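So the structure is just underneath, and the comments pick up after that.
Order of the sequence lines sets the chain letters (A, B, ...), proteins ahead of strands, with each chain counted from 1. For clarity, every value in this text was computed on a predicted model and none was experimentally measured.
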2 protein chains.
Amino acid sequence: MLTKTSTEVVRQQNTALVLSALRRKGALSHTEIAEQTGLASATISVITAELERSGTIAKTEQHVQGGRGRPRVLFAQRRDCGYVIVVRISSDIVQYSLADYGGVLLDRFEEARSHDAGDAAAFGQVFLAALERLLQRSRIEKEGVLAVSISSKGLVAGDGARLLWSPVFGRQELDFSKLLRPDWRARIMLSNETLLVAQALAAKAEEKGDAFKGLAAISLGHSIGLGLARRGRSGELDVSAPNFGHMLHASSAGLCRCGAYGCIEAAAGFYGILRAAFEVPSDTIPAKFVPLAEMDKIAAGARQGQRMPGYAFRQAGIALGNGISRMLSLYEPMPIYITGQGTRYFDLLQKGVEEGLAQSLQVRLEGLPEITVVGDEQRLVFDGHLDRALSAVDSDITAAGHS
Amino acid sequence: MLTKTSTEVVRQQNTALVLSALRRKGALSHTEIAEQTGLASATISVITAELERSGTIAKTEQHVQGGRGRPRVLFAQRRDCGYVIVVRISSDIVQYSLADYGGVLLDRFEEARSHDAGDAAAFGQVFLAALERLLQRSRIEKEGVLAVSISSKGLVAGDGARLLWSPVFGRQELDFSKLLRPDWRARIMLSNETLLVAQALAAKAEEKGDAFKGLAAISLGHSIGLGLARRGRSGELDVSAPNFGHMLHASSAGLCRCGAYGCIEAAAGFYGILRAAFEVPSDTIPAKFVPLAEMDKIAAGARQGQRMPGYAFRQAGIALGNGISRMLSLYEPMPIYITGQGTRYFDLLQKGVEEGLAQSLQVRLEGLPEITVVGDEQRLVFDGHLDRALSAVDSDITAAGHS
DNA sequence: GCTTTTTTCTCGACAGTCGAGAAAATAAAT
DNA sequence: ATTTATTTTCTCGACTGTCGAGAAAAAAGC
């Protein structure tokens, strides 16, 4: 449905455009902003004056220039304009970070999670306390925090605040909005971890300037994650994290820790590979956690040509390949990026992946998708967090306008 | 990426809003347009004056009113403002229709397709000749045609003009844009048939006013089609037709007529059901066309409790159910609408569908999706055609503006 | 014929963008 | 030291668009 538009919307949009240019390119002068945005110089004057008045951006005093004429004055976000909290929840640790409005990391600490205690309510209290600690350590007021961006593996509800299913808490729903709402007026954002990887990779690809249409990020590890970033018709980036790890592969894949049979994860997650390698009956309840050393041993065996370990990785690869082929059937063709701890076994998976891919019409028509292994998943997740949180904050600011 | 906006964009948007209100609600008066769109009365005056000047809309002379004050004058699209051609290509016939800018059907004829001749180039010539005939019969100039909307089963390229794969022409690519471009300046639109069903159903749902989030249409027949209609974040409707029928189901499903093994269609398409019912080896090259009478016989057998026919439908149902569950894993939960000739066997499929659905985490979390059988697929396809083509024409008109 | 009622049209105010040229601020030249 | 050239930033008037209020139009009732 279309909606009414007025000139104020135009201003909002163009203000957002200026802020995002500043976000992407760093400090810019009047003329550079005009170049980047395509707006007229006069318009830039009005918009920057307004943003400066509201305390969002400021002139930086450095007038570095060798040129001839009047020196440029650079605009940049006022970094003390507000703060962003980033929380990465993983199976073993929870990492709390504080960054300023400019995206500069100010503080960070981690807390170990006990493997056995998976009580969501208890975690909520620990979580709240940690946020308070983060504020105290940097002497920042709650009101100064503009966004709290949280990530976990698992399935996030469409509203972006509720964790519906996660490897850590299972089906215990975790509503971060409800948890924080009375006290915190910051924007609460919950994202799937691999979604953030996709977001970060998409941002990088756009930076490079090559015509970006879409990409898929797949994270291999104890669980299997998928993040999609696609450019919508309107030109905006659309990122999502479908429930790939627990998409049905084949019932032969056995019992998954989600309780269903035949998920991709039950074949390609670490515990699935382990189960196949040791010929454990496939309806055994899977281990909560597989030490990496254990996986390394199996991989070593497979590389030495042992039969069952090799078979286990191959089966895992086929499950992945089939899953990717199904995903490509339901979306457009796009390049695939593989991350996560499991990439260290990608040599063992690759053959199976290609075999699993080759079976479908989609791949026969379009050819094998481009598959790239990328390292440093944690860094990508954090970058994705910042990208997402800060652009949300930017749009909040432009929406608030002159109130 | 955001993009520059100016006041002209505002005008375009609001003009489009007026046109779409007129399209949805029929003839409207000045005040009614203001109500529908939320725009100020003064704005309506300017926009309608402009549209009237350009010949897109006109005042209808009927002043039906019992009320007291000044009678309302109704605005409506000038039906002779332009024309739209709709072509439905199915396996046995090709239907050509002509409608005016108001969406009123003016002329229609069908041409039988010979089953053997699947030559794409030859078809192109037949197609062109038929379009000419359509023009001649109604004495309309080529320039008066604003859009040619074509539909077929199969896979349509992202540009909306090339047929990449179809049950009729196989992998012979058919580029309608290239075929029509020199002579026709109309907008060329090629859509998957089931996409149009989804579009029509979504339009109906929006009309009803219930908060519409998304839906999936599945067409059962010789081949299996999927159309998705989802509301994007920006509020616009996003319809697509992923390659569902040839998504990998399980290699046990046997050889598909696309040449791959294990497609959903190879299990749930008519020929797949027939093959299973008669215990034909699953790598047999599938029949091009299965008479409906043949299918009816198998169904009758299944309803009488015969083993293999019952098994065949059940297998088909499971393939569908698994496919739907995978689709729901990769998108959000949404209601499912089933159409096509195959709906007459839905009683036989249903059990298997539910069984196939129940296996996945997604369904365990969200519950079984709502499944509705809807008849009159051909009507829905035509409605979808008109909806899509006319709104495209509307946006062309608003984009052209005062040139 | 006058009043009432409803609808449509018009006018001035306001918000936004744009292009052109003025003003500012520096480096190089004289 | 002063002038000139160059580059950047700012400002002004023109243009386009929406909006609210009230005027004008057109019919029904008295």
When only distance counts, do a donor and an acceptor, one from the side chain of A:R68 and one from the base of C:dA27, lie under 3.5 Å apart?
-> yes
Side-chain contact check for A:R70: nearest option of D:dT8, D:dT11, D:dA26 is D:dT8
Write down the distance between CD1 (B:I44) and P (D:dG17), rounded to a whole number of angstrom.
-> 15 Å
Bend angle of the helix from C:dG1-D:dC30 to C:dT30-D:dA1 from five-pair axes at both ends, rounded to 10°?
-> 40°
Value in whole Å for how far the P atom of C:dT10 lies from CD1 of B:I47 | 16 Å
When rounded to whole Å, the CZ to P distance for the pair A:F75 and D:dT8 reads 14 Å
Would you call A:R230 and A:E332 a salt bridge, taking side-chain N to carboxylate O under 4.0 Å as the test?
-> yes
Relative to the 5' end of DNA chain D, which residue comes earlier, A:T48 or A:S6, by the nucleotide with the nearest heavy atom?
-> A:T48
Among C:dC18, D:dT9, C:dC9, find the nucleotide with the atom closest to the side chain of A:A42.
-> C:dC18
Could you tell me whether the side chain of B:S41 has a donor or acceptor atom within less than 3.5 Å of a complementary atom in the base of C:dC9?
-> yes
Out of C:dC9, D:dG20, D:dC10, which has the shortest distance to the side chain of A:K59?
-> D:dC10
Just how far, in rounded Å, is C1' of D:dG17 from CD of A:E8?
-> 12 Å
Spacing of CG belonging to A:L390 relative to CG belonging to A:D396, to within rounding of 0.5 Å = 11.5 Å
A:N14 pairs by side-chain contact (heavy atoms from CB on, under 4.5 Å) with which of A:I47, A:I44, A:L19?
-> A:I47
Picking from A:L51, A:T48, A:T60, what satisfies side-chain contact (heavy atoms from CB on, under 4.5 Å) with A:F75?
-> A:T48
When rounded to whole Å, the CD to P distance for the pair A:E35 and D:dT9 reads 11 Å
Between D:dC19 and A:K4, is there an OP1 or OP2 to side-chain N/O distance shorter than 4.0 Å?
-> yes
What distance do A:R78 atom CZ and A:S54 atom OG have between them, rounded to the nearest 0.5 Å?
-> 9.0 Å
Is the backbone N or O of A:L196 less than 3.5 Å from a side-chain atom of A:H385, with the two atoms forming a donor-acceptor pair by type?
-> no
Salt bridge flag under 4.0 Å for residues B:R53 and B:E50 | yes
A:E32 bridged to A:R72 by N-O distance under 4.0 Å | yes
Using a 4.0 Å heavy-atom cut-off across all strands, classify A:L39 as base, sugar-phosphate, or nothing.
-> sugar-phosphate
When rounded to the nearest 0.5 angstrom, what distance separates CD1 in A:I57 from CD1 in A:I33?
-> 6.0 Å
State whether B:T43 places a side-chain N or O below 4.0 Å from either non-bridging phosphate oxygen (OP1 or OP2) of D:dC19.
-> yes
Please list residues of residues 11-33 of chain A whose heavy atoms come under 4.0 Å from any atom in DNA chain C, ordered by number; otherwise none.
-> A:R11, A:N14
